Amino acid sequence: QVHLVESGGGLVQAGGSLRLSCVASGLPFGVLTMGWFRQAPGKEREFVAGIDWNPGSTDYADSVKGRFTISRANAKNTVALQMDSLKPEDAAVYYCAADRSPWVSRNHYRWEYWGQGTQVTVSS
């Protein structure tokens with residue numbers, strides 16, 4: 001069982017930046033593919049970014065490409081999401097996800113483990 005704890009959400013003005021972090025425990029972090037999803041009220045959970053465990057390849061939703069950066073620090077069991085140039089439409093609850101598959105899936109049904117979520121609010 002993998003336990004994920006997110007932090008770093010909050011309120012930011014449009015154009016600003018936030019950095020989300022997720023700490024994982026329960027399984028060797030180095031064999032987990034990690035990802036971030038988000039869910040706005042009334043909308044389905046959507047893929048934001050993912051990073052696999054070998055060799056650390058990344059994937060991004062088109063809506064965030066060039067603005068968001070996912071990274072992982074295996075020694076700290078941590079995955080981060082740096083969010084720059086935030087837009088009001090980025091506002092949502094952001095969830096950290098983990099999976100033992102060796103590749104990133106954009107389908108949230110494919111992910112095994114989830115954090116509790118952290119709220120990101122972007123004011124216009």
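Keep in mind it's a predicted model, so treat the numbers as computed, not measured.
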Student: Test of understanding: with side chain to side chain donor-acceptor pair (under 3.5 Å), list the residues that count as partners of K65, not counting sequence neighbours.
Tutor: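 So K65 forms a side chain to side chain donor-acceptor pair (under 3.5 Å) with D62.
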Student: Any disulfide (SG to SG under 2.5 Å) pairs touching residues 28-94, not counting sequence neighbours?
Tutor: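 Matches after skipping sequence neighbours: none remain.
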Student: Please enumerate all residues that pass side chain to side chain donor-acceptor pair (under 3.5 Å) together with Y95, with sequence neighbours excluded.
Tutor: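 With neighbours one apart ignored, the set is empty.
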Student: With no hydrogens and no angle check, is any side-chain donor or acceptor of T118 less than 3.5 Å from a backbone partner on G9?
Tutor: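 Judged by distance alone, yes, a pair lies under 3.5 Å.
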Student: Can any side-chain N or O of S101 pair as donor or acceptor with the backbone N or O of D99 at less than 3.5 Å?
Tutor: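 No, the answer is negative, given that no donor and acceptor are paired below the 3.5 Å cut-off.
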Student: Would you mind listing every side-chain hydrogen bond (donor to acceptor under 3.5 Å, both in side chains) that reaches into residues 2-21, with sequence neighbours excluded?
Tutor: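 The answer is E6-Q116, S17-D84, R19-Q82.
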Student: Establish whether F68 and V104 are linked, either directly or via other cluster members, by ILVMFWY side-chain heavy-atom contacts under 4.5 Å.
Tutor: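 No; tracing contacts between hydrophobic side chains, which count when under 4.5 Å, never links both residues.
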Student: Does any pair with a residue in residues 26-42 pass salt bridge (charged side-chain N to carboxylate O under 4.0 Å, His left out), and if so which ones, sequence neighbours excluded?
Tutor: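 Salt bridge (charged side-chain N to carboxylate O under 4.0 Å, His left out) check on residues 26-42 returns R38-E46, R38-D90.
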Student: Among residues two or more places apart or on two chains, list those pairs meeting salt bridge (charged side-chain N to carboxylate O under 4.0 Å, His left out) that have a residue in residues 111-124.
Tutor: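 Qualifying pairs, neighbours excluded: R100-E112.
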Student: I'd like to check the side chain to side chain donor-acceptor pair (under 3.5 Å) partners of D59; sequence neighbours left out, ordered by chain and number.
Tutor: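 Only R106 meet the side chain to side chain donor-acceptor pair (under 3.5 Å) criterion with D59.
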Student: Atom CD1 of I51 and atom CG of L32: how far apart are they, to the nearest 0.5 Å?
Tutor: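 Spacing of CD1 (I51) from CG (L32) equals 12.5 Å.
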Student: I'd like to check T121 versus V12 (side-chain heavy atoms, cut-off strictly below 4.5 Å). Are they in contact?
Tutor: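 They are not in side-chain contact.
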Student: Scan for disulfide (SG to SG under 2.5 Å) pairs involving residues 60-104, sequence neighbours excluded, and state none if there are none.
Tutor: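 Non-adjacent pairs meeting disulfide (SG to SG under 2.5 Å): C22-C96.
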Student: Nearest 0.5 Å, what's the OG1-CE distance between T58 and M34?
Tutor: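 So the gap between those two atoms works out to 14.5 Å.
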Student: Apart from V23 itself, which Ile, Leu, Val, Met, Phe, Trp or Tyr residues share its cluster (side-chain heavy atoms under 4.5 Å, direct or through members)?
Tutor: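 Members besides V23: none; it forms no cluster.
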Student: Indicate yes or no for a side-chain donor-acceptor contact from R72 to the backbone of D52 under 3.5 Å, with no hydrogens or angles considered.
Tutor: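 Side chain of R72 to backbone of D52: a pair is present.
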Student: Going from OG1 on T33 to OH on Y113, what distance comes out if it is rounded to the nearest 0.5 angstrom?
Tutor: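 That separation rounds to 12.5 Å.
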Student: Under the disulfide (SG to SG under 2.5 Å) definition, can you give me all pairs with a residue in residues 28-67, not counting sequence neighbours?
Tutor: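 Those involving residues 28-67 do not exist here.
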Student: Between W53 and L4, is there shared hydrophobic-cluster membership here, with clusters defined by ILVMFWY side-chain heavy atoms closer than 4.5 Å?
Tutor: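 Shared cluster, no.
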Student: Could you tell me if N107 and S105 have a donor-acceptor pair between their side chains, going purely by distance under 3.5 Å?
Tutor: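 Result is no, nothing qualifies.
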Student: Would you name the heavy atoms of A40 and A91 that are closest together and state the gap between them?
Tutor: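 Closest heavy-atom pair between A40 and A91: CB-O, 3.9 Å.
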Student: Sort and list the pairs that fulfil ring-ring contact (aromatic ring centres under 6.0 Å, His included) and have at least one residue in residues 21-50, not counting sequence neighbours.
Tutor: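 Every pair satisfying ring-ring contact (aromatic ring centres under 6.0 Å, His included) with a residue in residues 21-50: F37-F47, F37-W111, F37-W114.
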Student: Is any side-chain heavy atom of Q1 closer than 4.5 Å to a side-chain heavy atom of L27?
Tutor: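 No, every pair of side-chain atoms sits at 4.5 Å or beyond.
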Student: Among residues at least two apart in sequence or on other chains, which ones pass side chain to side chain donor-acceptor pair (under 3.5 Å) with Q39?
Tutor: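 Here the qualifying residues are R45.
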Student: Do Y94 and V48 come close enough that some side-chain heavy atom pair is under 4.5 Å?
Tutor: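 Of all side-chain heavy-atom pairs linking V48 with Y94, at least one is under 4.5 Å.
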